[in-house]
Number of protein chains: 2
Amino acid sequence: MEAERQNQAVIAYGLLKRDITSGQFRPGDKLLMSHLKERYQIGAGPMREALSQLVAERMVTAASQRGFRVAKMSLQELNDIYDARAHLEAMIVRLAVERGDEHWEAEVIGKAHTLASVAALHSTDEMMNLWDKRHKEFHTAIARGCGSSKLLELRATLMDQAERYRQLWLRQTVFSTEALVNKRREHAAIVEALLERDAQRAGTLMLDHLLTPVPIITAIVREAKLAEE
Amino acid sequence: MEAERQNQAVIAYGLLKRDITSGQFRPGDKLLMSHLKERYQIGAGPMREALSQLVAERMVTAASQRGFRVAKMSLQELNDIYDARAHLEAMIVRLAVERGDEHWEAEVIGKAHTLASVAALHSTDEMMNLWDKRHKEFHTAIARGCGSSKLLELRATLMDQAERYRQLWLRQTVFSTEALVNKRREHAAIVEALLERDAQRAGTLMLDHLLTPVPIITAIVREAKLAEE
DNA sequence: TTTTTTAAAAATATCTACATTTTGTAATTT
DNA sequence: AAATTACAAAATGTAGATATTTTTAAAAAA
């Protein structure tokens with residue numbers, strides 16, 4: 001089995017998306033066609049295709065005849081994204097509790113265990129990436145219980161949009177033992193509620209869990225003047 | 001103030017989206033580049049841009065080196081979209097009841113009135129379009145109370161994806177006096193719950209309201225063999 | 001002198017026409 | 001029938017032409 005040959009636009013899409021989320025391009029930056037062509041070794045046509053897709057995902061903005069820019073960040077958007085994500089995820093969790101089967105339970109417990117056992121053995125960045133990866137997998141395992149691909153797609157859209165903000169929170173959290181302990185406690189409480197099939201409580205816990213990063217990110221954004229108020 | 005000059009890709013995006021939703025192109029149809037170029041009088045580059053955006057919106061599918069197709073329809077997808085939409089909208093309504101102000105209440109009551117007063121005075125198609133337009137405006141007015149642009153965006157995404165299925169239901173409903181009376185009753189019940197600020201009841205009513213079309217559409221789809229099972 | 005206006009030049013975005021690569025098809029061979 | 005090959009159709013990519021916006025600088029007005 002071999003990976004399907006991708007066209008230029010798809011390759012550029014992936015690279016540019018990565019470069020935006022990782023902060024190589026900063027919010028509001030002009031995305032100069034000549035620069036992008038050079039950077040990704042690609043023609044203007046396919047490059048525009050990639051940009052169009054990112055426009056549809058709200059990661060890039062376009063102005064007719066005036067080219068493309070990295071979408072700005074703002075405290076208002078931060079709050080909106082996290083609020084929407086928290087309520088969406090709470091709703092998904094309630095559904096998952098109602099609909100999830102035994103296999104789902106097993107997956108969740110498995111991912112929770114894998115996440116809890118990330119120890120500070122590795123290099124700083126490795127540790128951060130590993131925790132982040134497993135944390136995402138844990139939450140995704142829970143969400144999958146809702147059984148709706150459309151809801152999972154919407155969730156993925158919001159997570160993509162949140163990613164630039166989330167990156168700011170991640171470093172702080174992983175490097176604070178206290179924060180990690182808190183997170184572990186919250187996760188345990190959520191799993192407990194899931195297993196007891198208490199949809200209401202699981203939803204509420206999830207809502208709070210997802211909103212805790214907001215004040216922290218707000219502070220960092222203000223500090224670094226990364227975004228409009 | 002004059003409408004900004006749009007580029008070719010944006011124009012083609014709008015036309016193609018309309019042609020897909022209205023059924024000019026049918027699910028699974030190959031979107032032949034030569035045909036699209038001819039039809040919309042446009043080059044291949046901008047056409048691909050438009051297609052890329054529709055791929056991001058799940059209305060078109062792409063296979064590398066094999067071109068583009070209209071996304072298929074299926075009973076499974078119908079159920080998934082409507083289930084997701086109903087739960088999302090119910091959640092949004094609960095938020096709207098908690099967060100909506102007086103201006104929101106006034107808007108909702110206004111739109112409800114405008115919708116209820118659509119009479120069978122006009123020609124068949126005019127009547128259908130008018131009812132549809134006002135029905136959408138009524139629901140959108142309710143949803144806006146949640147105050148979250150991101151949630152409203154997600155809602156719009158799902159509505160776009162539902163549109164092809166919805167079209168099938170619309171004709172049936174508007175031309176059945178009984179169905180229209182039922183809808184009016186449901187709308188009234190929802191508005192009542194909103195005004196009493198009963199979030200839970202409003203949510204439940206909305207959930208049921210949005211799921212009623214599913215059996216009807218299922219029957220039509222089966223009848224017309226429009227989709228996979 | 002400072003500000004505003006205008007005109008030209010440069011930079012940039014966008015589009016088209018053509019070249020290249022890949023895929024699908026049907027005839028031919030095994 | 002299955003595999004191979006040759007050809008036609010289609011998708012994708014590139015380079016350069018065209019149109020638009022932005023910048024620059026000079027001229028005119030305040």
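Chain identifiers are assigned alphabetically (A, B, ...) following the order of the sequence lines, protein sequences preceding nucleic acid strands; residue numbering begins at 1 within each chain. These numbers come from a predicted model, not from an experiment.
Note: B/I142 CD1 to B/E105 CD = 12.0 Å, rounded to the nearest 0.5 Å. Taken to the nearest 0.5 Å, the CD1 atom of A/I216 stands 7.5 Å off from the CH2 atom of A/W169. Rounding to the nearest 0.5 Å places CD of B/E49 at 11.0 Å from CD of A/Q53.
In terms of heavy atoms, A/R99 sits closest to A/C146 at NH1-O, 3.1 Å.
Proximity of B/L88 to A/L88: side-chain heavy atoms (C-beta onward) are separated by under 4.5 Å at one or more points. Between A/N79 and B/K150 there is no side-chain heavy-atom pair separated by less than 4.5 Å.
Counting to the nearest Å, the P atom of C/dT12 and the NZ atom of A/K30 are 7 Å from each other. When rounded to the nearest whole Å, the span between CD of B/Q6 and C1' of C/dA13 equals 15 Å.
A heavy-atom distance below 4.0 Å to DNA chain C is reached by these residues of residues 32-47 of chain B, ordered by number: B/G43, B/P46.
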Polar atoms only, N or O, under 3.5 Å: list the protein pairs with nucleotides 19-23 of chain C and their distances.
none

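Side-chain atoms of A/Y13 and A/N7 include no donor-acceptor pair closer than 3.5 Å. Defined by atom type and a distance below 3.5 Å, a donor-acceptor pair is missing between the side-chain atoms of A/K72 and A/T61.
Ion pairing of A/K136 with A/E163 is present here, as a side-chain N (NZ or NE/NH1/NH2) and a carboxylate O approach within less than 4.0 Å.
Note that the first and last nucleotides of DNA chain D, 5' to 3', having any atom under 4.0 angstrom from a heavy atom of chain A are D/dT12 to D/dT22.
The environment of NZ in B/K133 is sparse: at most 12 heavy-atom neighbours from other residues, nucleotides or ligands sit within 6.0 Å.
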